[in-house]
Amino acid sequence: MKRLVIEPNERRQIEWLVDDVLNEYGPWDPVQFVTHAKTVAESLPIRVRQFFRQVQSDETDVAVLSGLPLSQDLAPTPTGWDMAQKTGVGCREEVVLMLSSAALGEPFGWGDQQNGHIMHDVCPAPGKELSETSGSSTAALSLHTEDAFHQCRCDYVALYCLRNPDRIGTTVVRADRLDLPPQLSEILSEKRFHHRPDQSHIGPQGHSSGAVDVDAILFGPPESRYLRIDFDDTCAAEEGDRAAQEAIAELYKHVCDAMEKVVLEPGDAIFLDNYRVAHGREPFSPRYDGTDRWLKRANLIRDIRRVFMATESRSRVIA
Ligand SMILES: O=C(O)CCC(=O)C(=O)O
Ligand SMILES: [Fe+2]
């Protein structure tokens, strides 16, 4: 875990950069701006750029920037991502997240998630309290790899905290902290698991985007394994494969033992390596009075060509 605390002069530099973006590129439109984002991000403070270079080359599992600028007159927390989109609230914060994200990776989105937007809102929504989506609240968001079902899932999940009055934790399990018996690791490394789409990708007709994948749960370098798991949606690929199903249950116990909690403060942005950690969120009681927990979220990929190949176009939104 790595953290960089932004100094006051660096915060001012970022604020000026946000002003420039909003003045020079017209009404804020993340999809229009994203192709310029890496160039503009070259003007972020040098410590921020160096931080992200190091995060990338070390494969840092959890990285946090603290003390990013927040608007003095931040709008009340919307009641769900759709309300956020209708009202366009938190656009300065989206610029901050876009620029810092562009220093690490390439933002992209999903056609069937949050209306195809590439900057998402994570806030509680009435009626979604018990769902397995980012609009949930009274139910915990169980541990997951972001978009585990898809080959083109992100390399990093970026979450920028605008409000978190009750100090609700983001739960994190780092693959390096798992102490798995060799026999369990072996089963989890076999392509015996079905990674099904999560609720945030299942549209009104029950359709999902992207192919359902049969794959391993553990893969990658033996000295630092990669992880692909969604405890709500990963199951044994073959119906009668009890060993595979039991391996998921056993992994769950290990994951609970290794679980850590990161409480995001307003002005913190966390960058979770989606191959090296699974993440979730503690349950909480929503208020729906404008003061609720509110994050902006972006999916980042290291090589945008993987998205272009998935979309068979130069679109950053996977249908
Ligand atoms: O709310 C959080 O801290 C995590 C949310 C999350 O997992 C997500 O939005 O993908
Ligand atoms: Fe997530």
Side-chain angles (χ1 to χ4, degrees), residues 1 61-66 77-82 84-85 90 93-94 97 101 105 107-110 112-115 117-125 128-150 152-174 195-202 227-234 255 259-287 292-301:
M1 200 169 317
D61 44 17
V62 179
V64 180
L65 283 184
S66 287
T77 302
T79 47
W81 61 262
D82 46 347
Q85 282 185 4
E93 285 64 33
E94 285 191 8
L97 180 59
S101 292
F108 72 101
W110 302 91
D112 61 1
Q113 202 180 46
Q114 300 211 1
N115 265 340
H117 282 223
I118 60 172
M119 289 283 137
H120 296 165
D121 288 273
V122 175
C123 51
K128 297 272 170 58
E129 291 84 356
L130 300 173
S131 69
E132 292 158 22
T133 72
S134 61
S136 73
S137 49
T138 42
L141 200 51
S142 51
L143 288 162
H144 59 280
T145 298
E146 199 71 10
D147 306 313
F149 72 103
H150 209 287
C152 207
R153 63 195 176 280
C154 59
D155 290 298
Y156 301 98
V157 186
L159 299 167
Y160 182 26
C161 179
L162 279 53
R163 281 196 185 97
N164 191 7
D166 300 322
R167 299 182 53 78
I168 304 307
T170 300
T171 46
V172 172
V173 172
R174 302 193 256 169
H195 297 284
R196 296 175 300 185
D198 60 83
Q199 275 183 11
S200 73
H201 285 279
I202 301 172
L227 190 60
R228 179 178 190 184
I229 182 79
D230 183 329
F231 284 100
D232 288 321
D233 297 299
T234 302
V255 150
M259 192 154 79
E260 297 168 83
K261 188 173 100 170
V262 182
V263 174
L264 296 175
E265 306 277 353
D268 283 355
I270 192 168
F271 298 83
L272 299 162
D273 186 324
N274 200 38
Y275 281 65
R276 309 251 292 133
V277 302
H279 68 280
R281 193 216 61 239
E282 294 181 310
F284 65 100
S285 300
R287 312 169 184 199
D292 272 317
R293 187 172 187 269
W294 183 16
L295 316 177
K296 292 278 181 184
R297 178 180 69 188
N299 295 301
L300 313 180
I301 199 154

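For ligands, and for the atoms within them, numbers begin at 1 and follow the listed sequence.
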**Q.** Test: R153 cationic atom under 6.0 Å from Y275 six-membered ring centre, within 45° of axis
**A.** yes
Q: Could you tell me whether ligand 1 has any atom less than 4.0 Å away from a heavy atom of H120?
A: no
Q. Are L295 and ligand 1 in contact, using a heavy-atom cut-off of under 4.0 Å?
A. yes
Donor + acceptor pair across side chains of [X], [Y] (<3.5 Å):
| X | Y | result |
| --- | --- | --- |
| N274 | T145 | no |
| S136 | R281 | yes |
| D147 | H201 | yes |

Q. Testing R174, H144, E260 for side chain to side chain donor-acceptor pair (under 3.5 Å) with H279, which one passes?
A. H144
Considering only heavy atoms of [X], which atoms of ligand 1 have at least one such atom less than 4.0 Å away?
| X | result |
| --- | --- |
| H144 | 7 (O), 10 (O) |
| V122 | 1 (O), 9 (O) |
| T170 | 2 (C), 3 (O) |

(Q) Checking one value in my table: which N/O/S atom of E146 lies closest to the Fe ion (ligand 2)? (A)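 The nearest such atom is OE1.
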Q. Using a heavy-atom cut-off of under 4.0 Å, does the side chain or the backbone of V157 touch ligand 1, or both, or neither?
A. neither
Q: Give the intermediate values and the outcome of salt bridge (Lys or Arg N to Asp or Glu O under 4.0 Å) for residues D82 and K128.
A: CA-CA 12 Å; D82 46 347; K128 297 272 170 58; over 6 Å; no
Q) Please state which protein non-hydrogen atom is closest to atom 6 (C) of ligand 1 and give its distance, to 0.1 Å? A)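 Minimum-distance protein heavy atom for atom 6 (C) of ligand 1 reads L141 CD2, 3.6 Å.
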Q. In the protein, which heavy atom is nearest to atom 1 (O) of ligand 1, and how far is it?
A.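 Answer, as residue, atom name and distance: R293 NH1, 2.8 Å.
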Q: With the Fe ion (ligand 2) at the centre, find the angle made by NE2 from H144 and NE2 from H279, to 10°.
A: 90°
Q: Tell me which one of H279, R281, E282, R297 gets a heavy atom nearest to atom 7 (O) of ligand 1.
A: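 Minimum heavy-atom distance to atom 7 (O) of ligand 1 goes to H279.
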Q) Polar-atom distance check: E146 versus ligand 1, any N or O pair below 3.5 Å? A) yes
Q. Ring centroid separation for H117 and W81, is it under 6.0 angstrom?
A.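 No, the ring centres sit 6.0 Å or more apart.
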Q: With salt bridge (Lys or Arg N to Asp or Glu O under 4.0 Å) as the test, would you mind laying out the steps for K296 and D121 before giving the verdict?
A: CA-CA 5 Å; K296 292 278 181 184; D121 288 273; 2.7 Å; yes
